[in-house]
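Here's the structure, in structure tokens; my notes come after.
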Amino acid sequence: MTRVIGFGILALAAAIAPGQTTAQEESAVAVPSGMPVTFYDSLWDSASSTERFRFLAPRIGGDMPMDFAAVSPDMQHLCDSFALPRLGGRDKLPALIVISLMAEPVAFGDPAPGIPQYFEAYSPKGGICAWEAF
């Protein structure tokens with residue numbers, strides 16, 4: 001909830017100070033489908049050696065949602081070009097990288113049956129993300 005409020009405050013500040021971008025605009029990520037995607041957060045789970053990267057993708061919801069097949073290449077792209085470069089400085093890479101897209105902000109672990117979310121899992125191998133069925 002604080003992130004959404006923070007983005008709203010930053011958007012208001014940008015409206016007051018033209019020429020400056022909001023944190024959400026700065027976190028926009030280009031994907032193959034061309035849909036608007038913004039980085040939301042990342043979460044590390046040391047017990048399972050899993051790093052989760054969560055993104056807002058409003059077009060997977062709404063009246064004409066993009067289906068999983070249409071955005072699956074976006075998720076691979078997000079893993080290869082966004083997640084992996086952010087892991088480069090670590091001594092040990094995670095065993096698994098999970099990329100998730102959500103139509104609206106959802107607190108991690110909270111059930112949100114009315115909000116579309118897509119998930120894919122990858123293993124970092126040889127500088128790329130290898131898809132893992134889960």
Side-chain angles (χ1 to χ4, degrees):
M1 177 76 79
T2 8
R3 281 188 184 89
V4 176
I5 292 169
F7 285 144
I9 292 168
L10 287 171
L12 178 61
I16 295 169
Q20 295 184 5
T21 59
T22 66
Q24 190 169 20
E25 290 168 336
E26 289 175 2
S27 63
V29 182
V31 293
S33 71
M35 77 170 166
V37 172
T38 54
F39 175 64
Y40 186 73
D41 64 15
S42 65
L43 305 165
W44 169 246
D45 179 352
S46 59
S48 65
S49 186
T50 301
E51 182 86 24
R52 300 179 194 303
F53 289 86
R54 302 184 335 132
F55 298 86
L56 289 175
R59 291 202 42 217
I60 67 169
D63 294 336
M64 296 179 55
M66 294 180 77
D67 65 15
F68 183 81
V71 302
S72 183
D74 294 345
M75 297 172 83
Q76 177 74 51
H77 176 78
L78 289 166
C79 189
D80 289 332
S81 68
F82 188 91
L84 275 181
R86 282 155 181 80
L87 301 175
R90 293 191 181 170
D91 293 334
K92 183 180 175 191
L93 291 176
L96 200 63
I97 297 170
V98 176
I99 301 294
S100 63
L101 300 176
M102 52 191 167
E104 300 173 25
V106 175
F108 180 73
D110 284 356
I115 300 174
Q117 298 180 69
Y118 299 143
F119 304 88
E120 277 290 12
Y122 305 89
S123 293
K125 294 181 182 171
I128 64 163
C129 290
W131 177 74
E132 297 286 337
F134 73 129

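Values in this document were obtained by computation on a predicted structure and should not be read as measured data. The basis for the numbers below is simple: all heavy atoms, side chains too, and nothing from hydrogens, waters or symmetry mates.
Residues Val98 and Trp44 do not share a hydrophobic cluster, defined by chaining ILVMFWY side chains whose heavy atoms lie under 4.5 Å apart. At a threshold of 4.5 Å between side-chain heavy atoms, the hydrophobic network of Ile, Leu, Val, Met, Phe, Trp and Tyr places Phe68 and Met35 in one connected group.
Between the side chain of His77 and the main chain of Ser72, no donor-acceptor pair closer than 3.5 Å is present. No donor-acceptor pair under 3.5 Å is formed between the side chain of Tyr122 and the backbone N or O of Cys79. Of the possible polar contacts, none joining the Ser123 side chain to the Lys125 backbone as a donor-acceptor pair under 3.5 Å is found. Side chain of Asp80 to backbone of Cys129: a donor-acceptor contact under 3.5 angstrom is found. Put simply, the side chain of Arg54 gets close to the backbone of Val106: a donor and an acceptor are under 3.5 Å apart.
Taking the six-membered ring for Trp and the full ring otherwise, the centers of Phe55 and Tyr40 sit at least 6.0 Å from each other.
Taking CZ of Phe82 as the reference point, atom CZ of Phe39 lies at 4.5 Å (rounded to 0.5 Å). Considering CD of Glu104 and CD1 of Ile115, their distance stands at 4.5 Å, rounded to 0.5 Å. Between Ser42 atom OG and Arg86 atom CZ the span is 9.5 Å, to the nearest 0.5 Å. Rounding to the nearest 0.5 angstrom, the gap separating the CG atom in Leu96 from the CD atom in Glu132 is 6.5 Å.
Counting heavy atoms from C-beta outward, Val37 and Leu56 have side chains that stay 4.5 Å or more apart. Annotation: side chain of Leu101 is in contact with side chain of Leu78 (closest heavy-atom distance under 4.5 Å). Annotation: side chain of Val29 is not in contact with side chain of Phe53 (no heavy-atom distance under 4.5 Å). Contact check for Ser49 versus Pro94: side-chain heavy atoms found under the 4.5 Å cut-off.
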Subject >> Verdict with supporting geometry, Ser33 and Met66, side-chain contact (heavy atoms from CB on, under 4.5 Å) >> reply: CA-CA 10 Å; Ser33 71; Met66 294 180 77; 3.9 Å; yes

Original post:
Can you check side-chain contact (heavy atoms from CB on, under 4.5 Å) on Ile99 and Phe119, steps first, answer last?
Top reply: CA-CA 6 Å; Ile99 301 294; Phe119 304 88; over 6 Å; no

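Using modelled atom types and a 3.5 Å distance limit, the side chains of Glu120 and Trp131 yield a donor-acceptor pair. Side chain to side chain, Asp45 and Thr50 fail the donor-acceptor criterion of an N or O pair below 3.5 Å.
Residue Ala70 comes nearest to Pro73 through the heavy atom pair O-CD, 3.8 Å, listed as atom of the first residue, atom of the second, then distance. Residues Ala95 and Pro124 approach most closely at O-CD, 3.8 Å, considering heavy atoms. When all heavy atoms of Pro58 and Pro36 are compared, the closest pair comes out as CD-O, 3.8 Å.
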